[in-house]
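In this text the structure is predicted, and so the values were computed from the model without any measurement. Throughout, protein chains are lettered first and strands after them, A, B, ... in sequence-line order, and every chain is numbered starting at 1.
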Number of protein chains: 2
Amino acid sequence: MLENLHKIEVQSPVDLIITQIRNLISTKQVLPGDKLPSERKLAEHLGVSRGNVRAAISKLEFYGIVKVHANSGTRVTGLGIPALEGLITDILAMENVDFGSLVDTRILLEKEATRLAAIKRTDQDLKEIKTAMLNYENKLMKGEQAVEEDLLFHIKIAEASKNSVLKSLMLIITPDIVKNFINLKVCDESNNRKTIEEHRQIIDMISTRDADQAEKAMTTHLEAVKAFSQNFKP
Amino acid sequence: MLENLHKIEVQSPVDLIITQIRNLISTKQVLPGDKLPSERKLAEHLGVSRGNVRAAISKLEFYGIVKVHANSGTRVTGLGIPALEGLITDILAMENVDFGSLVDTRILLEKEATRLAAIKRTDQDLKEIKTAMLNYENKLMKGEQAVEEDLLFHIKIAEASKNSVLKSLMLIITPDIVKNFINLKVCDESNNRKTIEEHRQIIDMISTRDADQAEKAMTTHLEAVKAFSQNFKP
DNA sequence: TATTTAAAAGTGGTTAACCAAATATAGTTA
DNA sequence: TAACTATATTTGGTTAACCACTTTTAAATA
């Protein structure tokens with residue numbers, strides 16, 4: 001009997017409001033550059049409190065959809081209406097992203113980061129990467145999970161690439177990776193020794209500034225993760 | 001005389017609060033899994049209103065640093081303390097990213113997106129890409145700027161790649177690209193004909209499902225942009 | 001009529017009080 | 001003593017009033 005009950009979609013007030021405002025924009029009732037209705041009017045029309053409208057607009061500003069000007073108004077930014085069609089929902093939906101895409105994209109970013117790191121790393125970078133690696137190994141030796149320490153090792157490499165955007169994007173997808181790893185219990189204890197060896201090889205190649213080999217080592221390291229993820233596709 | 005005046009760093013209250021909370025976490029006064037002090041106590045200690053603390057925590061939740069539980073408390077998420085060291089500031093600083101990194105990373109993402117699009121595109125995808133291209137051309141013919149339409153063309157390709165993360169990341173960096181393009185007045189009218197031709201080649205290769213040639217065509221298309229950006233490095 | 005000026009209406013920003021749910025505490029009972 | 005219960009406290013969520021600044025409006029002035 002219970003299987004006939006459908007899961008209730010809890011949709012927070014602010015998400016509802018965001019949807020409404022998006023409609024306002026995509027139906028061209030508000031053009032880019034135009035002012036959004038004031039927070040008070042929005043609140044009254046939507047039948048919610050101004051605080052909720054405020055929170056929704058705050059999110060919208062995060063996504064770069066609108067720009068609030070103190071005491072003056074909130075304007076829709078120039079990024080054209082057409083692009084907005086699916087934009088907001090897509091970014092919001094990133095939370096429920098499929099693991100395969102996540103791993104593929106991670107590999108793409110990390111390969112490039114490793115290549116660049118081999119070329120542009122400073123001695124200080126190398127030192128920090130090694131420290132991160134040791135932190136990972138130590139935690140592993142104590143028999144604890146070390147997903148976060150592992151990720152930090154990779155982020156340090158991205159840092160050494162001197163490409164700030166590359167690093168930022170890695171930071172953005174990192175929480176999702178951590179979440180999925182823990183959910184799926186990816187951490188295979190038997191692979192620890194192999195992982196440690198692969199890390200050391202990557203560092204060696206970065207250390208000797210061999211970009212091609214560094215990228216190759218990282219690719220090898222990540223392909224195992226990808227193979228694993230494919231076994232868990234729903 | 002005026003040159004002796006230093007620009008005043010306007011730092012909004014919430015950014016200050018975020019910094020304080022970050023310190024609280026990175027100095028291990030609050031461990032992952034621990035509850036953050038209540039909003040009221042934070043507000044009192046920091047000498048600000050609870051609303052500001054609320055806004056700061058909201059941002060922190062966006063970044064995945066904390067998770068708020070209604071009527072119970074706000075907890076620091078598992079993503080380890082070490083990674084937090086520079087995380088928040090880095091993401092916040094992404095607004096002032098250097099154009100070179102931005103273009104490099106865009107090329108990286110787009111090459112992969114184009115490759116995948118050639119393989120995985122549906123007929124519907126192809127149709128939408130062509131529509132986006134025509135929108136771009138039409139606006140160009142009217143002598144208007146068409147940065148946004150250009151970007152939308154590229155986003156449609158990312159959509160066809162069927163890799164949601166890839167698309168999301170492109171959406172994230174798109175506003176920055178638009179901003180910089182407009183600031184630098186990159187749109188070179190003399191290149192219009194060349195750009196249109198390159199777009200058509202990319203579509204042809206995606207249409208015939210030739211992944212290698214599609215990626216190559218996209219690379220050619222973007223290299224011009226990269227060359228331009230290097231002439232404008234500060 | 002064109003320009004200036006002053007008042008009023010509107011804006012986002014901020015604050016303090018109140019709400020219901022979750023939690024901790026003390027009291028009661030077996 | 002242990003388990004349960006009722007109460008008090010603490011929590012994030014919500015609301016409405018107030019603030020300072022901006023924009024609009026309309027009146028006064030040249």
Problem - Arg50(A): salt bridge (charged side-chain N to carboxylate O under 4.0 Å, His left out) partners, not counting sequence neighbours - result: Glu39(A)

Fill in the blank from the handout: Rounded to the nearest 0.5 angstrom, the NE2-CG distance for His154(A) and Leu222(A) is 6.0 Å

Practice task
Only pairs at least two apart or in different chains count here, so list each ring-ring contact (aromatic ring centres under 6.0 Å, His included) that has a residue in residues 129-152 of chain B.
Solution key: Tyr136(B)-His199(B)

Handout entry: Ionic contact status for Glu44(A) with Lys41(A), cut-off 4.0 Å
Key = no

Practice task
Output the distance between atom CD1 (Ile157(A)) and atom CE (Met170(A)), rounded to the nearest 0.5 Å.
Solution key: 8.0 Å

Exercise for the section: Report the distance from atom CG of Leu108(A) to atom CG of Asp104(A), rounding to the nearest 0.5 Å. Expected result: 9.0 Å

Review item, nucleotides 20-22 of chain C N/O atoms under 3.5 Å of protein N/O:
from: dA21(C); atom 1: O4'; to: Asn71(B); atom 2: ND2; distance (Å): 3.2

Exercise for the section: Name all pairs fulfilling the ring-ring contact (aromatic ring centres under 6.0 Å, His included) condition that reach into residues 32-58 of chain B, sequence neighbours left out, sorted by first residue then second. Expected result: none

Problem - Strand contacts (DNA chain C) in residues 34-42 of chain B, 4.0 angstrom heavy-atom criterion - result: Arg40(B)

Exercise for the section: Would you grab the first and last nucleotide of DNA chain D (5' to 3') that comes under 4.0 Å of any non-hydrogen atom in chain B? Expected result: dT11(D) to dT14(D)

Practice task
Round to a whole Å and report the spacing from CD1 of Ile17(B) to P of dG13(C).
Solution key: 14 Å

Problem - Point-to-point distance, once rounded to the nearest 0.5 Å, from CG of Leu42(B) to CG of Asn52(B) - result: 12.0 Å

Handout entry: Pairwise distance CG(Asn163(B)) to CG(Leu102(A)) - rounded to 0.5 angstrom
Key = 9.0 Å

Handout entry: Donor-acceptor contact present, side-chain Ser58(B) to main-chain Arg54(B), <3.5 Å
Key = no

